[in-house]
Amino acid sequence: EGVGPQEYTLIKMKVLYPQKIKDFGNKSVYLVAATMKPETMYGQTNCWVHPDINYIAYNVACGDVYISTERAARNMSYQDFFKEEGKIDIVYKLTGKDLLGLALESPLTSNKVIYALPMLTIKEDKGTGIVTSVPSDSPDDYAALVDLKKKQPFREKYKIANEMVLPYDPIPIIEVPELGNLVAVTLYNQFKIQSQNDKIQLMKAKEIAYLKGFYDGVMLVGPYKGKKVQDIKKLIQKELVDSSDAVIYYE
Ligand code: A2H
């Protein structure tokens, strides 16, 4: 990896029925998803968690409860997230399986409710272990969504109801010259990607999506419609932070 700390935007995905996990009283509970692309939040269709990773629920200083890997909470404990530096106030320990199927409300997306679904390529040692899914612009996300849509046994294995997956399609949010308005779908087809485990092909697709999306991408939705992604990325991040829908996190 590169030198120096990496900055992520943590998107606060609100759990609509936290009592399905545990009684958290009247606290708001959030899955916090680390992204490099806050400008794509208009296109969220679901959230990814790894079924077999361990997660924790913990109190943050503002009174909310966050859910992420313990590793991410440890990093937060030195970034002014908590009442006491270096100390994580754990409320509950759980695994990704406990989070699957949770209904969530996430900022900017046109989907009122989205669901926590399984992704098997999530890394435990990156970000929060929770990823927000934007299948229009992320080849990984599109590949994982297609896997779930195509493979009923995969959905059944993790008790994912059809209505959590089948109605959700990639949303055009960014136009890139030559790649169109669903960059991830274009590249998935161009590189003949078969599944989320198609590592090498996905890496090639990601590289192109990343470069072209940043330098040539133009917003199709929201208040910055018609503006270049590179000019408004920071503005969208700031708005999300100012509205308390996101926080900045380093690792
Ligand atoms: B990105 P980098 Cl639209 N395991 O957000 C696997 N992937 C993870 C992760 C983890 N533990 N934590 C974060 N990520 C994903 C949006 C997005 C992202 C788009 C396009 C590309 C893209 C929506 N998903 O990332 O290696 C998150 O997905 C391309 C790599 O630290 C995060 O941003 O840059 C990105 O990987 C961070 O990976």
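Just follow the structure's listing: the first ligand is 1, and inside any ligand the first atom is 1. In this text, all values refer to a predicted model and were calculated from it rather than measured experimentally.
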Counting only heavy atoms, which portion of [X] has something under 4.0 Å from ligand 1: side chain, backbone, both, or neither?
{"X": "Val131", "answer": "side chain"}
{"X": "Thr35", "answer": "both"}
{"X": "Asp141", "answer": "side chain"}
{"X": "Tyr8", "answer": "side chain"}

If hydrogens are left out, which of [options] has an atom nearest to [atom], that is, the closest non-hydrogen atom?
{"atom": "atom 30 (C) of ligand 1", "options": "Glu7, Glu207, Lys206", "result": "Lys206"}
{"atom": "atom 13 (C) of ligand 1", "options": "Cys47, Gly127, Ala34", "result": "Ala34"}
{"atom": "atom 2 (P) of ligand 1", "options": "Lys126, Met36, His50", "result": "Lys126"}

**Item:** Proximity flag Gln6 to ligand 1, non-hydrogen atoms under 4.0 Å
**Value:**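 No, that is not the case, since the closest heavy atom of the residue is not under 4.0 Å from the ligand.
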Of all the heavy-atom pairs spanning [X] and [Y], show the shortest one and how long it is.
{"X": "Arg74", "Y": "Tyr78", "answer": "O-CD1, 3.3 Å"}
{"X": "Leu145", "Y": "Trp48", "answer": "N-CH2, 3.6 Å"}
{"X": "Gln79", "Y": "Asn75", "answer": "NE2-O, 3.2 Å"}

Please list every donor-acceptor pair under 3.5 Å in which a side-chain atom of residues 61-69 meets a protein atom from a residue at least two apart or in another chain.
| residue | atom | partner | partner atom | Å |
| --- | --- | --- | --- | --- |
| Ser68 | OG | Tyr58 | OH | 2.7 |
| Thr69 | OG1 | Ala72 | N | 3.3 |

**Message:** Using a 3.5 Å cut-off on N or O atoms only, is Lys123 in polar contact with ligand 1?
**Reply:**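 N/O-N/O distance below 3.5 Å exists for this pair.
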Any atoms of ligand 1 less than 4.0 Å from a non-hydrogen atom of [X]? List them with their elements.
{"X": "Thr132", "result": "23 (C), 24 (N)"}
{"X": "Ser138", "result": "3 (Cl), 19 (C), 20 (C)"}
{"X": "Thr40", "result": "3 (Cl)"}

**Prompt:** Do Ser106 and Ile11 pass the side chain to side chain contact (heavy atoms under 4.5 Å, CB included) test, and can you show the C-alpha distance, the side-chain angles, and the key distance before you say yes or no?
**Reply:** CA-CA 8 Å; Ser106 202; Ile11 304 298; 3.7 Å; yes
Show me the side-chain donor-acceptor pairs of residues 181-188 shorter than 3.5 Å, one per line, residues at least two apart or across chains.
| residue | atom | partner | partner atom | Å |
| --- | --- | --- | --- | --- |
| Thr186 | OG1 | Leu179 | O | 2.8 |
| Thr186 | OG1 | Leu182 | O | 3.2 |

**Request:** Apply the side-chain hydrogen bond (donor to acceptor under 3.5 Å, both in side chains) test between Asp147 and each candidate in Gln194, Gln196, Arg155; give the one that qualifies.
**Result:**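 Considering Gln194, Gln196, Arg155, a side-chain hydrogen bond (donor to acceptor under 3.5 Å, both in side chains) with Asp147 is found only for Gln196.
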**Any side-chain donor near an acceptor of the partner, Asn59 and Lys27, under 3.5 Å** = yes
